Amino acid sequence: GDSVTQMEGPVTLSEEAFLTINCTYTATGYPSLFWYVQYPGEGLQLLLKATKADDKGSNKGFEATYRKETTSFHLEKGSVQVSDSAVYFCALMESAGGTSYGKLTFGQGTILTVHP
Amino acid sequence: NAGVTQTPKFRVLKTGQSMTLLCAQDMNHEYMYWYRQDPGMGLRLIHYSVGEGTTAKGEVPDGYNVSRLKKQNFLLGLESAAPSQTSVYFCASSYPQGVYEQYFGPGTRLTVT
């Protein structure tokens, strides 16, 4: 079955440091890929997405590129802020969503803490 | 719009007790989902629904039942709670087109003693 593996955390950075959170996946077909973020005490919210190979998703300074050849979707940000402290989840959705009913397979999550 | 709301926010149960978690969404979404979140395991899908009156099993359905009597509501029931069901439960909804972005509720923290 489908699976998503994220780099082990937690990750602790100083403000303005460069962030990378690795994500690799196993799936049949051509999944869509997502990064969701969970701020303390809240539910998850979509951060960015990519629906086909070589697509780059971006939002709030975060970027991730869908690499089919390496089955990866690594999350990056050039300069993190204290407000970026959260849990980040990589996720995939089978095919185009129609037959999978939008079901997501999540990675285990990576806790990011940014210090001033 | 309130988005996705969940009731209650916190609950403590004794082993063997039953309870129902309520999820409501005001976005007219067709699809709704129940997940549980456990440390180091991400979110795992319990049950989902693709429309009013329909439900289907997800990855970890044992010990849970669901109902979708109205399009805007999705109920998750625990008939006989067990300590292994101690978790944070999230409800989500999505529209069945495009990118299928899921919108999540704030979660319910359940402890079973």
Side-chain angles (χ1 to χ4, degrees), chain A residues 1-10 21 23-26 30-52 55 57-59 64 66 86-111, chain B residues 2-7 9-10 21 23-25 27 29-51 54-61 66 68 74 87-109:
Chain A
D2 297 344
S3 66
V4 176
T5 302
Q6 291 181 230
M7 66 182 291
E8 293 187 12
I21 301 177
C23 171
T24 57
Y25 68 90
T26 302
Y30 301 94
S32 294
L33 300 174
F34 305 83
W35 277 100
Y36 278 81
V37 59
Q38 182 181 30
Y39 297 105
E42 299 182 8
L44 282 71
Q45 54 187 275
L46 180 65
L47 180 59
L48 53 85
K49 62 187 182 294
T51 57
K52 61 182 186 297
D55 267 2
S58 62
N59 186 25
Y66 188 164
V87 184
Y88 292 81
F89 293 93
C90 186
L92 72 78
M93 182 178 69
E94 293 177 15
S95 66
T99 57
S100 70
Y101 303 112
K103 291 180 293 178
L104 294 172
T105 299
F106 285 90
Q108 69 268 41
T110 301
I111 300 172
Chain B
V4 180
T5 58
Q6 292 183 232
T7 309
K9 288 185 169 50
F10 304 93
L21 282 67
C23 175
Q25 52 96 3
M27 296 173 284
H29 285 167
E30 289 293 331
Y31 294 174
M32 296 186 75
Y33 314 85
W34 275 108
Y35 294 92
R36 58 177 290 170
Q37 182 182 27
D38 302 295
M41 302 187 73
L43 276 75
R44 293 180 291 168
L45 183 65
I46 304 171
H47 287 280
Y48 65 99
S49 168
V50 300
T54 73
T55 63
K57 294 180 180 180
E59 180 185 355
V60 289
V66 288
R68 182 103 181 264
F74 194 29
S87 188
V88 181
Y89 292 86
F90 287 99
C91 176
S93 69
S94 73
Y95 189 64
Q97 284 186 15
V99 72
Y100 292 81
E101 175 181 352
Q102 291 192 14
Y103 293 80
F104 283 80
T108 295
R109 183 174 294 276

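This is a predicted model, so every value here is computed, not measured. We name chains A, B, ... by the order of the sequence lines, and we start the count at 1 in each one.
Within the 4.5 angstrom heavy-atom criterion, atoms from both the backbone and the side chain of B/Gln102 approach chain A. Residue B/Leu45 touches chain A through its side chain alone, counting heavy-atom pairs closer than 4.5 Å.
Residue pairs meeting the salt bridge (charged side-chain N to carboxylate O under 4.0 Å, His left out) criterion with at least one partner in residues 31-47 of chain A, sequence neighbours excluded, do not occur; the list is empty.
Contacts with chain B were tallied for A/Cys90, A/Gly43, A/Gly41; A/Gly43 has the most, counting heavy-atom pairs under 4.5 Å. The most heavy-atom pairs under 4.5 Å with chain A, out of B/Pro39, B/Gly40, B/Ser94, B/Gly107, come from B/Gly40. Among the candidates A/Gln6, A/Lys49, A/Gln108, the residue making the largest number of heavy-atom pairs closer than 4.5 Å to chain B is A/Gln108.
Separating the OH atom in A/Tyr36 from the CD atom in B/Glu101 is a distance of 5.5 Å, to the nearest 0.5 Å.
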Query - Worked check of side chain to side chain contact (heavy atoms under 4.5 Å, CB included) between B/Tyr35 and A/Leu104 - result: CA-CA 10 Å; B/Tyr35 294 92; A/Leu104 294 172; 3.9 Å; yes
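Annotation for A/Tyr101 and B/Tyr31: closest pair O-CD1, 3.3 Å, computed over non-hydrogen atoms.
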